[in-house]
Each structure stands twice: as structure tokens, then as C-alpha cells.
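Following: one structure in C-alpha cells, then a few remarks.
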Protein chains: 2
Amino acid sequence: MTGDERREQIIRTAVEVFSKHGFSGTTTKRVAEAAGISEAIIFRHFASKDELYEAILHNKVCEGGDKQFPWMGNEPLELAMQRGDDLEVFYLLAAEALKKHESDSNFMRLIFYAALEDNEASEHFVNQLMEGLYRFLGDYIERRQKDGAMRNVNPRIVVRSFMGMLIHHSLNNILWDKNRKLLDISNEEAAKNFAEILLRGVLVGGEPDTAINERS
Amino acid sequence: MTGDERREQIIRTAVEVFSKHGFSGTTTKRVAEAAGISEAIIFRHFASKDELYEAILHNKVCEGGDKQFPWMGNEPLELAMQRGDDLEVFYLLAAEALKKHESDSNFMRLIFYAALEDNEASEHFVNQLMEGLYRFLGDYIERRQKDGAMRNVNPRIVVRSFMGMLIHHSLNNILWDKNRKLLDISNEEAAKNFAEILLRGVLVGGEPDTAINERS
DNA sequence: GTCTATATAGCGATAGAC
DNA sequence: GTCTATCGCTATATAGAC
């Protein structure tokens, strides 16, 4: 196996191990065993365990990061946005997001570990990718508010509400509720329901009888 | 300092350290330093690092767990539920939850670490506390559906949507968006908005023009 | 109840043969 | 490019003095 091939193989393997056990919980020995090589080879390709970790985070979060978000270069989505088909917009976003989360749960685990363990990749994740998403979806919501289609709620609160539904649902599926005791539904079903609940929540019309800030 | 006092002090200190760095990332040495004692004392009170960790998880998740959830013995909440004041119900739940999360972020970090590191406390957390919450709030939603006040959505999807908003918002505040770059609002504001969005989303009336499952 | 000193094992990382 | 052998260090845990 050539140097580059080996390096790639180590990274792929390391993603598996680090995403399972985090940085502190991962030993170079386990990575070596999982890759079927000796520890020494790892340190021939990466100067330190730290450098290996940074490499896989960079690989997953920074480079592959754009692909984690389904809001760029998605034709059906862009068409739905152009014609102001809100339900379709939110449904497509939800379905894509849930699918991604499910097919790449390692990415989610890495991000959570990085955040908890206070790795700077976490900061990068928020500054670049999440900020991009908040702007992208926030702008759409703002436009729809100007159209008079949506109520005047802080667009970023709407984005957070929606992302909350999606990320928390995937988080349950990956971490806590693996055997679906609390709630057992398909991604399709979940995406439909989340989109519809959120959208009804922000569209004009159908208000609760008294808004909270009009109360005593 | 007596034995029990010392034990309690160690636990309090260990909660801080474990919640910051997780199980693998925490060394008994750091706990000892943070408590201002020698390592030997820790092992006089706890047979192993594992036992200390289980002790603090039991302390926070199992015993203190009930207090983490604001849905038992909360009078204003129960009154609001009795008179079917949905907005007040969801607002109170949201406000209480966000307040708890903020004042005890260590609890959230412990839970997340436990889930990622595959500790059994995580399972207990879901089976006991989350299941209780889903039943409690799910039952209320079901009742309101029978009243004809809420649409016929799987109640547990509604609970998940709402919990998603709350937990994900707190998670952002604690982990990723500490300096509130993405969204900077008070708990009060957040609770109001989440409650109103969710409630409009599930109340009868104000439907999006075409539901997703009626489409092509 | 608390300490210092120490045992033992596993960690990240390196040396050097092939 | 890969291995075995090993270094230096730190981890958990214990022994024994005070």
C-alpha cells in the first residue's frame, strides 16, 4: 500500500474510533488495531495523536462540511424557494437533514465530542457552517415575511426552532433512543410532521386566542 | 472534616471535573487537585474511578433527576393544564426547562458525555425521566386532541418537536454558541416564541394550503 | 482522616532492523 | 513501508507512616 493510500485508510479508521470514544477515550493502539497495522505506522504519517485528530476533524468538518448541509446546489429546494412553496422548502430541508444525519452519524458524534471536549473545530463548525445555514434560511424567512406570508417572528428563532426539531430528533435516534422506545417513526414521517408543525407555527393566520405578551 | 462531609465534597468537585472533560478525559489527580486533597483520599472513599463516576451520575441523574424536570408538583402548570390554557402550559414548561438548563449546565454536559461514552446512566435517563416526560406531556396533548382543540398529530411527535426546540436551544447556549453569535435572546423571549410557534403548529385552524401527504 | 511513597499498567512516541 | 522493541511519562490504585 502506498503512503497516500495508507494515510487515507488511517483517517477513515480513525474517524470510526474517535467518533465512538472521543479524543481522550481513543488510544493510538486501538486505531492501529482497527486499521490492522502497528502503532509505529500511525506516527510515520501523523506527528502526534493530536495531529491525527485535527486531520480527521478537518476532513469531516471543514472539507466535507459543506456536503453535510443540504442547502447548497439543491435544485428542487431552490425551485421551491423561488415559487414560495414554504411547505415544500421546509419538508425538503428536513428530509435531507435527517437522511444525512442517519447515514453519517459519525459526523454528529464527532461534532458533539469536539464541542464537549472544547476542540476549536467546534468553533469553526458554528462560525462557518451554522452561520451559513442561519443566514440562508433566515433570509428566506425574512423574504416570506415581507411577502406577508409569515408572521413577524425573529427569523433566527424560527431557524433555531426548526434545527432543534431536526437535530434533536437525530440525536435521539443516535444517542439515547436507539431502539426507538420513545418514538418510532421513519425519517419521511418525521420530516413531514416537523415541517408542517413549524410552518403552521409561523404562517399568518390561525393564532392562539391570546398571545403571551398581551397577558397580565 | 468527617467522612461523609469529605465524600460529599469529593462528589461535588467530581461533578465539575467530569462534566467538563468526560470520563476518559478526567484524571483522579485533577479531581484531587480541584478538591484540595491528595489522590489517596479519593480511593479511600471510592473503590475506583469508575465507582466515583457512577456515584456522581447516580447523584445527578437518578436522585436529582426528578428535579431536573419541571413537570411534577408545579402548581401554576397544573392549574393551566386543568383549564386547558395551552399557551400557558407550553410557555411554563419552556421557561422552566430553559432556566434549569442554564442554571445546571453541568447536568446537561454529564448526560451528553454519558450518552456518547455509552454509559448505562444514559439508558436510565431515557427509560425513567424522558419516558415520564413523553407520557406526561403526551397525555395532555391527547386530551386536548379529544377536546377538539388540537390537530390529530402523533402526540409524541409534538413532544419531540417541543423538546427539540428547548434542548437544542440550551445546547447551543452551552456548547456551540456560547457568545450568542447565531442568536442572542433571553430565556423569557425564547420560551415565549417556542411555545407560540409550537402551539400554532398543532392547534386546529390555520392550515398551510396543501398538506404534504395530499401531494403528488 | 490525611499524607508521601510506590506499585503496576498503559499511554504516546521513537529507534532501528528488515 | 512495516515491523518489534523500547523509552519516558502518566494513569489508576495501594501501602504504610502519622
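Note: hydrogens, waters and symmetry copies are ignored here, and every other heavy atom, side chains too, is used. Proteins get letters first, then strands, A, B, ... in listed order; numbering begins at 1 in each.
- For the salt bridge (charged side-chain N to carboxylate O under 4.0 Å, His left out) condition, no pair includes a residue of residues 9-35 of chain B, sequence neighbours left out.
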Where protein sits on nucleotides 6-18 of chain C, one letter per nucleotide: B base, S sugar-phosphate only, - none, heavy atoms under 4.0 Å: -----SBBBBB--

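- The pair Lys192(B)-Glu189(B) does not meet the salt-bridge criterion, since no charged nitrogen lies less than 4.0 angstrom from a carboxylate oxygen.
- The NZ atom of Lys181(B) sits 13.5 Å away from atom CG of Asn172(B), with the distance rounded to the nearest 0.5 Å.
- Taking atom CZ on Arg7(A) and atom C1' on dT2(D), their separation rounds to 18 Å, with Å as the unit.
- Taking the ring centroids of Phe18(B) and Tyr53(B), they lie under the 6.0 Å cut-off.
- If you take CZ on Phe90(B) and CG on Leu199(B), they are separated by 6.0 Å, rounding to the nearest 0.5 Å.
- A side-chain donor-acceptor contact under 3.5 Å links Tyr91(A) and Glu188(A).
- Distance Ile41(A) CD1 to dC3(D) P: 4 Å, rounded to the nearest Å.
- Regarding His45(A), its NE2 atom lies at a distance of 10 Å from the P atom of dC3(D), rounded to whole Å.
- Atom CG of Leu52(B) is separated from atom C1' of dA11(D) by 15 Å (rounded to the nearest Å).
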